[in-house]
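Here's the structure, in C-alpha cells; my notes come after.
In listed order, ligands and their atoms are each counted from 1. All heavy atoms count here, side chains included; hydrogens, waters and symmetry mates do not.
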Amino acid sequence: IASYGLLAAFLYTYFVLVPGMVPGGSGAQRTLLTLVQVNRALLFAGASAALILGWRSSWRRAYAFLAAGIGIGFVLRIATSLAIMRGAYQAGTLYDLAWIVPFLCYAAAALAAPDSPKESPELAVAPSSIQTALAALPVFLVPMVGYGVLYLYPLSGAGDSFRALLTGLMTVAGLGLLTLRLAAQGGELQRLDAHKRLLAAATEQTGDLILITREDGGVELANDAFVRAVGYSRQELAGLSFGDLVERGFGAVLGHISSEVRTRGIWRGTLLRLRRDGTSFPAACTVSALRDASGAITHFVGAERDITQEIKLRDQLVHSERLSAIGELVAGVAHEINNPLQTIIGSVELMLEDRAMSDSRQDLEVVRREAGRAGQIVRNLLSFVRRSAPDRVGADLNGIIRSVVELRGYHLQQRGIHLVTALPERPPRVLVNREEIQQVILNLLLNAEQAMTSAGRGSTITIRCIPTGDGPVVEVADDGPGISADMRGRIFEPFFTTKDVGQGTGLGLSISHGIAAAHGGSLTLCPSPEGACFRLSLPAHAAPAPEPSAERAASSSSRRVLIVDDEAPIRKLLARLLERRGFDVVEAETGAQALELLNGFGLALVLCDVHMPGATGKELYRALVERRPEIAGRFVFITGDRTAVELDEALRGVPVLTKPFTGADLQAVLAVVGLDQAVV
Ligand code: ADP
C-alpha cells in the first residue's frame, strides 16, 4: 500500500507540481530522476527492514517478495533513468520493466501473505471517527494542493489543462476509493453487530449459569439462568459481589480461585452457591479471566452448572451398590442359619406330636414359635435383598395380610400397639407376586409402628381389606402423628426419609409404590382425620385357586418318597416327618446317589435340596425329568431362598418348600402335589 502511495505521489509530483516549480528542462529532469531513485531506495530500505524484523513470522515470504521486487525495480530504474537522460528512452520498451517487475512482485507478496486470524478480538473494535477522518484526509488534500499549484505556479496553455484534468481524475478516484472503504467498514460493523447479538442471545438462553464479575469481584453481568438459580433480581445482583453468592466458609477458596486464574488462566472446581433465601446448591464452575490489550485482568467470567441432581444420582448409586453388597451377605448368612433353624423347628414339631411330653408342651410351643419368627426374619431379609421372581400366582389377599400380621403381631403387642384387622369373609383373589405384596404391607405396618413409637402418639393400627368393583383395596391406617402437608408430596420419593441415619433408608415407600404400579394397582396416601392412612389397590383376579389334581394323586404309583439333601439332620428330620404321615422314605445324600436309586422303583414324590455339592438340585431335576418325565409333577425343591428357583424360567411351576418350614408348610406342599391324604 505504501508503495502504491509513493508511486501516486511521484506521478502527481511529476505531472502537477514539478513542472510549475522547476522551470527549465534538464534541471527539472535531473531533480525528478534523483527523486525517483531516492523514492525507490527508501522503499527498498523499508521492505528489507520488514523482512529482517518479520523473519520468524508467517509474513516472511510476503516481505521477501516485496523486498525482491523493490530491489529489482531500484536497479532497473537506474538503467531507465540513464536512458531518459541520454534521450534513448521510449515508452513501451524493456525500460518499462523498471515499474512492471516490482508490481508483479507485489501481487506475489499479496498471495503469500498469511490469512487474518478468524474472529480476532480486534475486529470487534469499531474505528473511531478520528481514524475515519484521517483516512479521508488525502482525498481532500489532492484538490487543495492541485488547484493551489495551478493558481501559484501557472503554466501556459495546454500544460495547465492537463494538470487540472489530472487533479480532477485523482480527486474522483480518491473519493471513489474512500466511498468503497466506508461501505466495507459499514458492512463489517454490521456483521460484527449481528455476531455480538447472536453471542448475547446464546449467553442469555444457555442452560448454564454465567456470571461476569469485575476485577474487584463486583457483579457486572449475569445471564437469565444464573438470575433464576440464585433468586435475586438483576438490580440486587448489581450491588453484590462474587463472595456474597457463595456459602459462608468458602472465603479461603475465593482467594485460591483468584490466584489460580491469575497464574494459570483458569480455575475449575465445585462451589456451594448461596441463594437469596439462604439455601444453597452445589455448582460445578469454570472461572477464567478477560484481559485488556496490556494483559491486565478486567473481568472474571464464571460458567457453571447446578449439579444437585448429579450428586443425588451418584449417592443413589453408591447406596444401591451398598445394598447389593448387603444382599450378598444376607443371602449367605440366611443360608447358614436356615439349616439349623429347620432342625430345631422340625425336632420340636416331632416332640410336640409325641403326647408323652405333654408337661413341657408349653415350652416347646414357645420354642417353635420363636424359631418360626427367626425363620420369618431371615425370609424377609432375603425377599428384601433379592430381586423376586417376575411370575405371579393366584393368591388369597386375606392370607397375605394374615402372614404379615403374624410376623409383626408379637412386636406390636410388646410395644403396646393394638393391631386391628378387618378382613372380608370371602377372601379376595389377586394375581400377585406374594412376597412383593407381603413386603408392601409389611413396609406400611413398619412405618406406622415407627412413626407412633418415635412420636409417642397413637395406640392403634388398623388393617382393612375392602373388596371393590375394581379389585380389592388394603388400607393401613394409624392414629399416630400423621404426615404434614409439606411432606405429603415427597414421601414416595426414593431416599426421602425423616428418620435418623441408620433408622430409615427412605426406600420403603418408593419400592412399595413401584411394586403396586408393577402389579397394575396403586399405592396412595389417603385423607384421614387423624394419623396416616395408606391405600393399596390391586386389580381383581377371577380365576379360582388351582385345586390339587385328582389325576395326579391317582397316578402316584406308591407312597414312596425320595429325599435328596446333603445335610443329614434335615434329611433325617424330613424322613421322620414324612414317615409319621405314612410315607415310605428313601434317602440320598447326593444327586448321583439319587439317580442310582431311581432306577430301582417307582416314586410318588422327590424332595430335593437346591444347593448341594456336586450336582445341584436343579441339575438333578433336569436329569430326572429326562429319564422319567412323569416325575416332573412330583418334584419339590427345598431351599432357604426361593427366588433361586423362581428366577429360573425352566423351573417355574415346580413347588418349593422354603426353609425353615413347619409341619403345616410340609402339609401344604404335599397338598399341591396331591399327596395330602395321609395313610395314618
Ligand atoms: P423410611 O421408612 O426408610 O424413612 P419410607 O419411604 O418408608 O422410608 O418413608 C418415608 C417417610 O415417610 C418416612 O421417613 C416418614 O417420615 C414418612 N412416613 C411414612 N409412613 C408414615 C406414617 N404412617 N406416619 C408418619 N409418617 C410416615
Side-chain angles (χ1 to χ4, degrees), residues 312-313 315-327 330 377 380-386 388 400-401 404-405 407-409 411-422 435-466 473-519 521-537:
K312 210 170 177 177
L313 275 178
D315 288 351
Q316 282 177 11
L317 204 67
V318 171
H319 208 105
S320 53
E321 289 281 316
R322 210 176 294 156
L323 275 185
S324 89
I326 293 174
V330 167
I377 290 168
N380 279 331
L381 279 175
L382 272 179
S383 74
F384 187 76
V385 297
R386 280 257 187 269
S388 39
I400 296 179
I401 297 174
V404 179
V405 168
L407 182 65
R408 293 308 297 173
H411 268 273
L412 292 171
Q413 204 185 337
Q414 295 273 307
R415 286 165 198 226
I417 296 174
H418 191 46
L419 181 62
V420 181
T421 43
E435 319 240 297
E436 286 188 346
I437 298 302
Q438 264 175 343
Q439 187 185 338
V440 172
I441 301 173
L442 184 71
N443 272 334
L444 298 179
L445 207 59
L446 283 174
N447 274 347
E449 182 188 326
Q450 283 177 354
M452 287 160 83
T453 41
S454 65
R457 257 178 70 184
S459 58
T460 313
I461 301 178
T462 314
I463 305 186
R464 223 175 272 118
C465 180
I466 312 151
V473 166
V474 183
E475 273 184 10
V476 179
D478 62 70
D479 55 358
I483 297 167
S484 63
D486 57 326
M487 272 176 21
R488 277 164 196 257
R490 303 198 54 201
I491 51 171
F492 291 105
E493 280 176 19
F495 303 109
F496 174 79
T497 181
T498 55
K499 295 170 193 168
D500 291 339
V501 178
Q503 294 272 312
T505 58
L507 280 175
L509 284 178
S510 67
I511 290 182
S512 302
H513 189 267
I515 292 175
H519 278 82
S522 63
L523 178 66
T524 49
L525 178 66
C526 47
S528 63
E530 55 166 359
C533 173
F534 286 89
R535 178 178 291 154
L536 168 70
S537 317

inquiry  = Minimum heavy-atom separation for A516 and S522, please, with both atom names.
reply    = CB-C, 3.7 Å
Positive for side chain to side chain contact (heavy atoms under 4.5 Å, CB included) with F534, one of V440, T524, L509 = L509
request  = Mark the output for G482 as yes if a heavy-atom distance to ligand 1 is under 4.0 Å, and as no if none is.
outcome  = yes
inquiry  = I'd like to check whether Q450 has a polar contact with ligand 1, where a contact means an N/O of the residue lying under 3.5 Å from an N/O of the ligand.
reply    = no
message = Check for me whether G480 has a heavy atom closer than 4.0 Å to any atom of ligand 1.
response = no
task = For ligand 1, find out whether one of its N or O atoms is nearer than 3.5 Å to an N or O atom of L509.
result = yes
Element-labelled atoms of ligand 1 that are located less than 4.0 Å from some non-hydrogen atom of I491 = 6 (O), 10 (C), 12 (O), 17 (C)
message = Taking 4.0 Å as the limit for heavy-atom contacts, which would you say applies to L444 with ligand 1: side chain only, backbone only, both, or neither?
response = neither
query = Would you say D478 contacts ligand 1, with heavy atoms under 4.0 Å as the rule?
reply = yes
query = Has the side chain of R408 got a donor or acceptor atom that lies under 3.5 Å from a matching backbone atom of L442?
reply = no
request  = Write down the atom of N447, the atom of K499, and the distance for their closest heavy-atom approach.
outcome  = OD1-NZ, 2.9 Å
ask   = For ligand 1, is there an atom lying under 4.0 Å from some heavy atom of F534?
value = yes
task = Indicate yes or no for a side-chain donor-acceptor contact from D478 to the backbone of A532 under 3.5 Å, with no hydrogens or angles considered.
result = yes
task = Measure the spacing between CD1 of I437 and OG of S512 and express it to the nearest 0.5 Å.
result = 9.0 Å
ask   = Just which atoms of ligand 1 are under 4.0 Å from any heavy atom in A448?
value = 23 (N)
note = On a heavy-atom basis, the closest approach of S459 and M452 is N-CE, 3.5 Å
For A532, the ligand 1 atoms whose distance to one of its heavy atoms is below 4.0 Å = 22 (C), 23 (N), 24 (N)
